[in-house]
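Please read the structure below before turning to the comments.
Read the numbers this way: they start at 1 and go in the same order the structure lists the ligands and their atoms.
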Amino acid sequence: MIDLTTSYMGLKLKNPLVVSSCGLTKTVRGVQKCAEAGAGAIVLKSLFEEQITAELRELTRHVDSVGHTEALEYLHGYGEALGPREYLQLVHDAKQAVAVPIIASINCVSDARWADYARQLAAAGADALEVNIGFLPNSAGQTGAAVEDRYARILHAVRTQVDLPVALKVGPYISSFANLAARLGNDRMAGTPFTVGWCGPGENDREITWRGADALVLFNRFYSFDIDVDTLQLAAGNPYSSSEEIHLPLRWISLLAGRVSCDLAAATGIHNGRDVVKQLLAGATVTQLCSTLYRNGLGRIETILDQLQQWMRAHDFERPDDFRGRLSQARSEHPDDYERLQYIKALVGRE
Ligand SMILES: Cc1cc2nc3c(=O)[nH]c(=O)nc-3n(C[C@H](O)[C@H](O)[C@H](O)COP(=O)(O)O)c2cc1C
């Protein structure tokens with residue numbers, strides 16, 4: 001008897017397939033369809049940090065011009081308390097409409113005042129929050145350490161506002177990703193200073209209680225950059241991934257599983273049951289689906305669940321835990337040669 005139930009950030013999922021944040025999850029009807037199609041959990045379409053702060057700016061614009069400080073302070077508080085109401089309504093209504101966990105999503109680039117809004121998401125009924133750190137570290141003036149501190153500051157800002165489980169959806173453009181993952185994932189092994197001096201200017205002179213993320217989502221897929229040689233203009237690449245894109249997240253899931261103290265959600269390039277199996281063998285807690293649902297429709301969830309169960313039957317596994325992480329580096333007999341050996345095998349004899 002196959003049992004696909006999975007614990008993700010302390011939430012109980014009936015299976016490890018999560019619909020990732022996208023247009024399919026931006027309405028209550030969309031969320032219902034995903035749930036009816038068999039998803040284990042649903043991440044709502046992201047609200048952008050700028051949407052929250054723009055609403056605040058709009059409210060304060062007039063008062064700013066006459067310089068009425070007291071009114072301005074009031075409106076700052078008011079604007080944030082208000083927040084983008086439609087999104088709160090979506091969280092609330094989605095929660096009422098389906099039984100599967102609903103994960104709200106914020107796409108942010110800073111730890112600015114939007115973090116307050118996380119409290120309202122919790123009050124609206126979100127089961128968890130996924131924070132998509134959507135900035136590309138492309139400035140020569142920014143050191144790797146500064147970029148990593150920014151991730152930590154964002155997490156810390158959210159943590160101080162809410163008790164909800166928090167997942168961080170991060171990009172792969174980090175120089176020492178294992179170190180950052182250990183730091184964000186609650187792990188003290190990296191030897192980074194967790195108390196003072198790294199959590200932002202206001203935090204330098206006092207101890208902070210650090211709580212890492214409940215999950216890391218690997219990886220955020222930034223829009224692909226392209227050039228149109230006919231029009232000689234910049235263009236956006238394909239918004240949908242292919243199965244080929246699984247290799248980067250697969251590598252990092254396999255390297256981090258069992259080594260960071262948080263759950264790992266595999267994202268990008270998961271298109272069929274075999275892709276899900278690969279990620280679970282590497283050590284993923286759950287797998288997120290997006291492009292394959294756009295390409296094939298929501299019926300794909302059922303197909304992938306069937307493929308996963310067929311594979312489990314063929315290999316005599318009853319639960320994902322029976323094989324999760326079996327091929328991770330942490331469980332390898334030769335962890336030091338874990339990847340090197342595959343690399344050599346792949347290249348030797350290919351002239
Ligand atoms: C049309 C579309 C809209 C998306 N919107 C969001 C979003 O609002 N927030 C977010 O975190 N990711 C968003 N994504 C990214 C997906 O959640 C997902 O991480 C990415 O597509 C990689 O997964 P895939 O290979 O299964 O497509 C979007 C993707 C697509 C195709």
Side-chain angles (χ1 to χ4, degrees), residues 16-27 30-31 33-34 37 39-52 84 86-87 90-91 94 102-109 114 117-118 121 126 128-136 151 154-155 158 166-173 213 215-226 236-253 264-280 282 284 286-298 300-301 303-304 307-308:
L17 303 193
V18 175
V19 178
S20 65
S21 176
C22 64
L24 300 171
T25 63
K26 72 176 182 196
T27 61
V31 168
K33 285 186 185 165
C34 293
I42 296 164
V43 188
L44 298 179
K45 171 82 183 156
S46 300
L47 183 70
F48 285 78
E49 173 188 332
E50 290 80 353
Q51 286 175 269
I52 303 168
E86 297 80 4
Y87 197 76
L90 172 64
V91 172
I102 293 293
I103 303 171
S105 167
I106 300 282
N107 183 314
C108 69
V109 292
W114 73 264
Y117 183 70
L121 291 170
L129 178 61
E130 186 175 284
V131 179
N132 176 346
I133 304 184
F135 81 96
L136 196 66
Y151 278 67
I154 290 172
L155 177 60
V158 177
V166 176
L168 282 190
K169 187 173 183 181
V170 299
Y173 302 109
L216 294 176
V217 183
L218 312 182
F219 286 110
N220 196 6
R221 183 177 189 265
F222 292 102
Y223 88 93
S224 346
F225 178 84
D226 207 354
N238 194 336
Y240 304 127
S241 71
S242 69
S243 258
E244 270 304 295
E245 292 177 49
I246 198 175
H247 302 294
L248 181 69
L250 189 64
R251 161 179 283 152
W252 282 103
I253 296 279
L264 296 172
T268 299
I270 301 166
H271 287 255
N272 53 49
R274 293 178 77 81
D275 292 340
V276 170
V277 169
K278 286 180 194 179
Q279 289 289 14
L280 295 176
V286 294
T287 52
Q288 293 201 353
L289 308 176
C290 176
S291 292
T292 192
L293 305 181
Y294 273 95
R295 286 185 197 277
N296 304 296
L298 290 171
R300 189 72 172 171
I301 295 176
T303 309
I304 292 179
Q307 291 168 341
L308 172 60

For ligand 1, which atoms sit closer than 4.0 Å to a heavy atom of [X]?
X	answer
Tyr240	31 (C)
Ser20	16 (C), 17 (O), 18 (C)
Ser291	24 (P), 25 (O), 26 (O), 27 (O)
Pro239	31 (C)
Ser241	24 (P), 25 (O), 27 (O)
Gly269	24 (P), 25 (O)

Nearest 0.5 angstrom please: [X] [atom1] to [Y] [atom2], how far?
X	Y	atom1	atom2	answer
Leu168	Leu155	CG	CG	5.0 Å
Phe135	Asn220	CZ	CG	11.0 Å
Asp275	Ile246	CG	CD1	4.0 Å
Ile106	Tyr87	CD1	OH	6.0 Å

Students should be able to answer this: which protein heavy-atom is nearest to [atom], and at what distance?
atom	result
atom 22 (C) of ligand 1	Thr268 OG1, 3.3 Å
atom 1 (C) of ligand 1	Tyr294 OH, 3.4 Å
atom 26 (O) of ligand 1	Cys290 N, 3.0 Å
atom 5 (N) of ligand 1	Lys45 NZ, 3.0 Å

Could you report the tightest heavy-atom contact between Ala126 and Ala104, atom names first, then the distance?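 Heavy-atom minimum between the residues: CB-CB, 4.0 Å.
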| Which atom pair, heavy atoms only, marks the closest approach of Tyr240 to Ser291? |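 Reported closest heavy-atom pair: CA-OG, 3.3 Å.
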query: Does Arg300 reach the main-chain N or O of His271 with its side chain, forming a donor-acceptor pair under 3.5 Å?
result: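 A pair under 3.5 Å: yes.
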Legend entry - Glu245 side-chain N/O to Ser242 backbone N/O, donor-acceptor pair under 3.5 Å: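 Checked: pair present.
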Next item on the list: From atom 19 (O) of ligand 1, work out which of Arg221, Lys169, Glu245 has a heavy atom at the shortest distance.
Entry: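 Nearest option to atom 19 (O) of ligand 1, by heavy atoms: Lys169.
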Just go through Cys22, Ser46, Ala265, Ser21 and tell me whose heavy atom is the nearest to atom 15 (C) of ligand 1.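 The option holding the nearest heavy atom is Ser21.
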Short N/O distance, under 3.5 Å, between Asn132 and ligand 1?
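So ligand 1 has an N or O lying under 3.5 Å from an N or O of Asn132.
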query = Hey, does Thr268 have a side-chain heavy atom less than 4.5 Å from the side chain of Gln288?
reply =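 Sidechains of Thr268 and Gln288: no contact.
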